[in-house]
Amino acid sequence: MGVMQSVTVLGSTGSIGVNTLDVLARHPERYSVYALTANRSLDTLFAQLEQFSPRYAVLADIELVQAFAERVRKAGLPTEILGGEAGLCTVAREADVTMAAIVGAAGLLPTMAAVEAGRKVLLANKEALVMAGPLFMDAVQRCGAMLLPIDSEHNAIFQCLPMQVQQGNGQLSPFLHGGVKRVLLTGSGGPFRNTASAELADVTPDQACAHPNWSMGRKISVDSATMMNKGLELIEACWLFHTEPANIDIIVHPQSVIHSMVEYIDGSVLAQLGNPDMRTPIAHALAWPERVASGVGSLDIIAQARLDFEAPDEERFPCLRLAREAAVRGGTAPAVLNAANEVAVEAFLDGRLDFTSIAKVIEQVMAVVVIVEPHSLEDVQQADRESRVCAMKFILNKTLA
């Protein structure tokens with residue numbers, strides 16, 4: 001066992017954050033909680049402060065800081081309360097390990113701050129790589145950060161790669177240095193895998209958020225229902241594993257037992273299996289290259305009995321096609337895709353857009369916004385801002401093809 005490590009959890013009140021704290025609580029001799037951050041779930045955050053007594057807590061909305069700090073002070077808790085993006089970046093830089101679990105584009109700058117500080121970064125915020133892949137991976141190499149994937153699919157791929165590629169920290173292509181032929185990225189197909197195309201326009205947000213296997217936040221659940229989540233994961237995998245979209249196949253696997261597979265040039269296919277519980281990849285990444293208990297039960301392979309696979313239907317789920325197109329185009333195309341998707345999903349959840357129009361908004365934004373090669377994070381953020389404005393105009397004007 002190594003030295004005690006301090007951990008910052010960016011997005012501690014979300015699904016990944018809660019699961020991370022569950023794993024950390026099982027190993028108090030290995031990990032201490034340095035900082036926790038939240039957006040609006042203040043009661044959940046307060047309960048976490050009572051349990052873990054971190055040095056800092058950060059609220060994304062700086063206007064909430066004063067009242068929350070007073071609540072913490074009256075309770076006699078030792079935690080100092082910070083606010084805003086500057087606070088998020090500060091606590092991301094200062095811990096030994098940063099769990100990057102803020103959903104969406106809001107997680108980009110604090111995650112990059114942890115990378116630039118050379119920290120061990122557990123990446124659950126896929127948007128950081130989707131939006132700024134070349135800049136992000138360049139910073140990992142330049143600053144000596146350790147980057148470990150938390151998405152169950154990317155973590156599974158990572159576990160199936162040769163150790164020399166794992167230790168190469170994203171700088172060694174498994175296709176050139178590890179004998180890999182292709183990556184098989186699995187996905188459940190979401191709640192509408194068997195729903196007729198004609199019925200998709202009428203699905204409700206609650207139906208879209210009722211994932212058959214995983215417990216996730218509402219935004220990610222909608223992404224799973226449109227299969228955009230799988231498209232974003234494809235883009236992320238290209239950067240994590242130093243490869244092209246053509247080397248990655250997406251496979252629908254309804255049981256979510258095989259989390260992904262890697263095929264080698266000798267015909268071998270390695271798969272990582274386990275119960276659908278995010279504590280497994282979290283525990284793996286926290287302790288890598290060691291292993292620690294995660295609290296996840298053993299997979300009962302006999303009770304599971306069967307594993308099914310099918311090709312994804314890109315006609316019924318056009319977000320998958322749009323994501324692959326963005327990956328091939330490169331530049332700021334993935335950032336444009338992500339921004340338009342975030343705006344469209346929010347509109348769907350608010351009842352301002354029907355389910356099938358999510359893809360229509362994204363496609364029209366990608367057709368209008370100029371794609372450039374980003375040279376800085378400001379270029380990425382500019383593409384993000386422009387795409388959001390464009391998406392909102394399409395939704396407000398209801399000018400969807």
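Values below: all heavy atoms of this structure, side chains included; hydrogens, waters and symmetry mates excluded. Because the structure is a prediction, the values reported are computed rather than measured.
Although no hydrogens or angles enter the test, the distance criterion places no donor-acceptor pair under 3.5 Å between the side chain of Ser41 and the main chain of Thr13. One N or O on the side chain of Arg324 and one on the backbone of Pro245 form a donor-acceptor pair closer than 3.5 Å.
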- request: Apply salt bridge (charged side-chain N to carboxylate O under 4.0 Å, His left out) to Glu310 and Arg193, showing your working.
  value: CA-CA 10 Å; Glu310 61 191 62; Arg193 182 174 60 89; 3.1 Å; yes
task: Please step through salt bridge (charged side-chain N to carboxylate O under 4.0 Å, His left out) for the pair Arg71 and Glu50, ending with a clear verdict.
output: CA-CA 12 Å; Arg71 179 181 175 185; Glu50 289 182 308; over 6 Å; no
message: For a salt bridge (charged side-chain N to carboxylate O under 4.0 Å, His left out) check, start with the C-alpha distance between Glu153 and Lys230, then their side-chain angles and the critical distance, and finish with the verdict.
response: CA-CA 9 Å; Glu153 297 83 0; Lys230 213 50 50 183; 2.8 Å; yes
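Distance check: Leu122 CG to Ile150 CD1 gives 4.5 Å after rounding to the nearest 0.5 Å. Interatomic distance, Asp354 CG to Lys360 NZ, rounded to the nearest 0.5 Å: 6.5 Å. To the nearest 0.5 Å, atoms CE (Met137) and CZ (Arg142) are separated by 12.5 Å. A distance of 10.0 Å separates CD in Gln51 from CG in Leu36, rounded to the nearest 0.5 Å. To the nearest 0.5 angstrom, Met99 atom CE is 11.0 Å from Thr111 atom OG1. Here Gln272 contributes atom CD and Thr186 contributes atom OG1; the two are 9.0 Å apart, rounded to the nearest 0.5 Å.
Using a 30° and 60° split on the angle between ring planes, His253 and Phe309 fall in the parallel class, below 30°. Ring geometry for Tyr56 against Tyr34 counts as perpendicular: the plane angle is over 60°, on a 0 to 90° scale with 30° as the lower cut.
Between Arg40 and Glu63 there is no salt bridge, since no side-chain N of the basic residue sits under 4.0 Å from a carboxylate O of the acidic one. Ionic pairing of Lys126 and Glu236 is not present here: no N-O contact between side-chain nitrogen and carboxylate oxygen is shorter than 4.0 angstrom. By the 4.0 Å N-to-carboxylate-O rule, Arg218 lies too far from Glu346 to be salt-bridged with it. The pair Glu70-Arg73 meets the salt-bridge criterion, since a charged nitrogen lies less than 4.0 angstrom from a carboxylate oxygen. Here Lys120 does not pair with Asp96 in a salt bridge; the nearest charged N to carboxylate O distance is not below 4.0 Å. Between Arg388 and Glu342, at least one side-chain N (NZ, or NE/NH1/NH2) sits under 4.0 Å from a carboxylate O, which counts as a salt bridge. With salt bridges taken as basic N to acidic carboxylate O contacts below 4.0 Å, one links Glu325 and Arg321.
Between Phe192 and Phe317, the ring center distance fails the sub-6.0 Å criterion.
Smallest separation of non-hydrogen atoms from Leu161 and Val165: CD1-CG1, 3.9 Å.
Atom CG of Leu273 has more than 12 neighbouring heavy atoms from other residues, nucleotides or ligands inside a 6.0 Å radius. Counting non-hydrogen atoms of neighbouring residues, nucleotides and ligands closer than 6.0 angstrom, the CD atom of Glu244 reaches no more than 12 such neighbours.
A side-chain donor-acceptor contact under 3.5 Å links Asn341 and Asp223. No hydrogens or angles considered: nothing links the side chains of Thr204 and Asp206 as a donor-acceptor pair under 3.5 Å. Defined by atom type and a distance below 3.5 Å, a donor-acceptor pair is missing between the side-chain atoms of Asp300 and Gln304. With 3.5 Å as the limit, one finds no donor-acceptor pair spanning the side chains of Asn229 and Ser224.
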